[in-house]
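Every number for a ligand or one of its atoms is a count from 1 in the order of the listing. Quantities reported herein were computed from a predicted structural model and do not represent experimental measurements. The first residue in the sequence is number 1, and the count goes up from there.
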Amino acid sequence: MSKLKIALQKSGRLSEKSIVLLEECGIRFPNGGGKLITKSSNFPIEILFLRDDDIPQYIEQHVADIGIVGENVFLESRKNISIVEKLGFSACRLSIAVPKEINYTGLSFFNNKRIATSYPNILSDYLRNNNIDSTIEVISGSVEIAPGIGLADGICDIVSSGSTLLSNGLKEVENVLNSQAVLVANQNLDGDKQIILDKLLFRLRSVRKAKENKYILLNAPNDKLEKIIQILPGMNSPTILPLAKEGWSSLHSVISDDKFWDIIDELKEAGAEGILVVQIEKMIL
Ligand code: ATP
Ligand code: ZN
């Protein structure tokens, strides 16, 4: 029986969340011990721990079949691999920043100027699309010090909170790309591996869906039920169970996490009592 090989970042910002995601999908494997390759004991998958920058190439070359990287790394790599699922964690953006005292009026500022970055491919596409002619200084780390040491007029780097920019006297002036962790795959997986990938994707989506929703239970007098049901856009129609208390019912449904507080307010107003909200572990659709 063939196994699917997944490449994860060995140590860094994606590592822990990637491992937790596989665990939430019910995939068990020995963790730690500094091993570079490990097998799951209950799912046909092998896990390779690599530097994130190497993952796209290894997938293209069939060393691994799939992997988890930031979209920024995927795009910069220009490898012939595909995104199969956006994973919704490790959100960040690739931005251009300049020293804060610069009176920045627009991208044309960068004509005939130098920009330091570790993302020369993404940046050169961006500049070309905007008809800007700059020199790109490629450096592999600590990009934010480049303007201060006279290496460049601005930088293009990953930003999440912006605090690194601030502490280096820089301000963000252009957003080049919004990024998040993505599941990438080789474009020519054989039939067996595709079946395993589909199984994994089904689990990933169930975990994701569960996180985006909550299970809600509440009590209400029967004459208020109709109004309450209209407030609840559940998966299907809500479950209604009679309470021991005469003329009252218990109502169960699923609500989306982002509308959560608004819905709770409306429910209370409509006469709901004893509202319980429960986390959903998996949601199978
Ligand atoms: P490696 O040693 O594997 O090459 P790295 O230093 O290149 O690791 P990390 O800093 O661990 O990479 O970041 C991994 C990914 O996490 C980035 O490519 C990006 O998609 C995402 N990320 C999220 N927030 C940030 C942030 N504030 N700074 C850098 N990367 C971030
Ligand atoms: Zn890296």
State whether the side chain of S179 and the backbone N or O of E71 hold a donor-acceptor pair below 3.5 Å, judged by distance alone. yes
Of G141, A181, S160, the one whose closest heavy atom lies nearest atom 27 (N) of ligand 1 is S160
Enclosure of E246 CD (heavy-atom neighbours >12, cutoff 6.0 Å): no
Student check: side-chain heavy atoms of F89 and L21 closer than 4.5 Å: yes
Can you check atom 6 (O) of ligand 1: any protein non-hydrogen atom closer than 4.0 Å? no
Considering only heavy atoms, does D52 approach ligand 1 within less than 4.0 Å through its side chain, its backbone, both, or neither? both
Counting heavy atoms only, name the option from G70, S161, S163, C92 that's nearest to atom 21 (C) of ligand 1. C92
Classify the ring geometry between F109 and Y104 as parallel (under 30°), tilted (30 to 60°) or perpendicular (over 60°). perpendicular
Going by an N to O cut-off under 4.0 Å, is there a salt bridge joining K214 and D257? yes
Among all protein heavy atoms, pick the one closest to atom 31 (C) of ligand 1 and tell me residue, atom and distance. R13 CD, 3.4 Å
Return the option from V182, L50, N72 holding the heavy atom at the smallest distance from atom 17 (C) of ligand 1. N72
Quick one: does ligand 1 sit under 4.0 Å from the side chain of Q9, the backbone, both or neither, non-hydrogen atoms only? side chain
Around atom CD of Q279, are there more than 12 heavy atoms from other residues, nucleotides or ligands closer than 6.0 Å? no
Those atoms of ligand 1 less than 4.0 Å from some heavy atom in I158: 25 (C), 26 (C), 28 (N), 29 (C), 30 (N), 31 (C)
Which N/O/S atom belongs to D52 and is the closest one to the Zn ion (ligand 2)? OD1
Report the name of the N/O/S atom of D53 located nearest to the Zn ion (ligand 2). OD1
Go through ligand 1 atom by atom and flag the ones less than 4.0 Å from a non-hydrogen atom of V73. 18 (O)
Using a 4.0 Å cut-off to any heavy atom of G12, which atoms of ligand 1 qualify? 11 (O)
Cut-off 3.5 Å, side chains only: do T164 and E144 have a donor facing an acceptor? no
Quick one: do R208 and E85 make a salt bridge, cutoff under 4.0 Å? no
For S90, the ligand 1 atoms with a heavy-atom partner under 4.0 Å come out as 23 (C)
Do K10 side-chain atoms and F49 backbone N/O form a donor-acceptor pair below 3.5 Å? no
Look at atom 2 (O) of ligand 1 and say which protein heavy atom is nearest, naming residue and atom and giving the distance to 0.1 Å. R51 NE, 3.6 Å
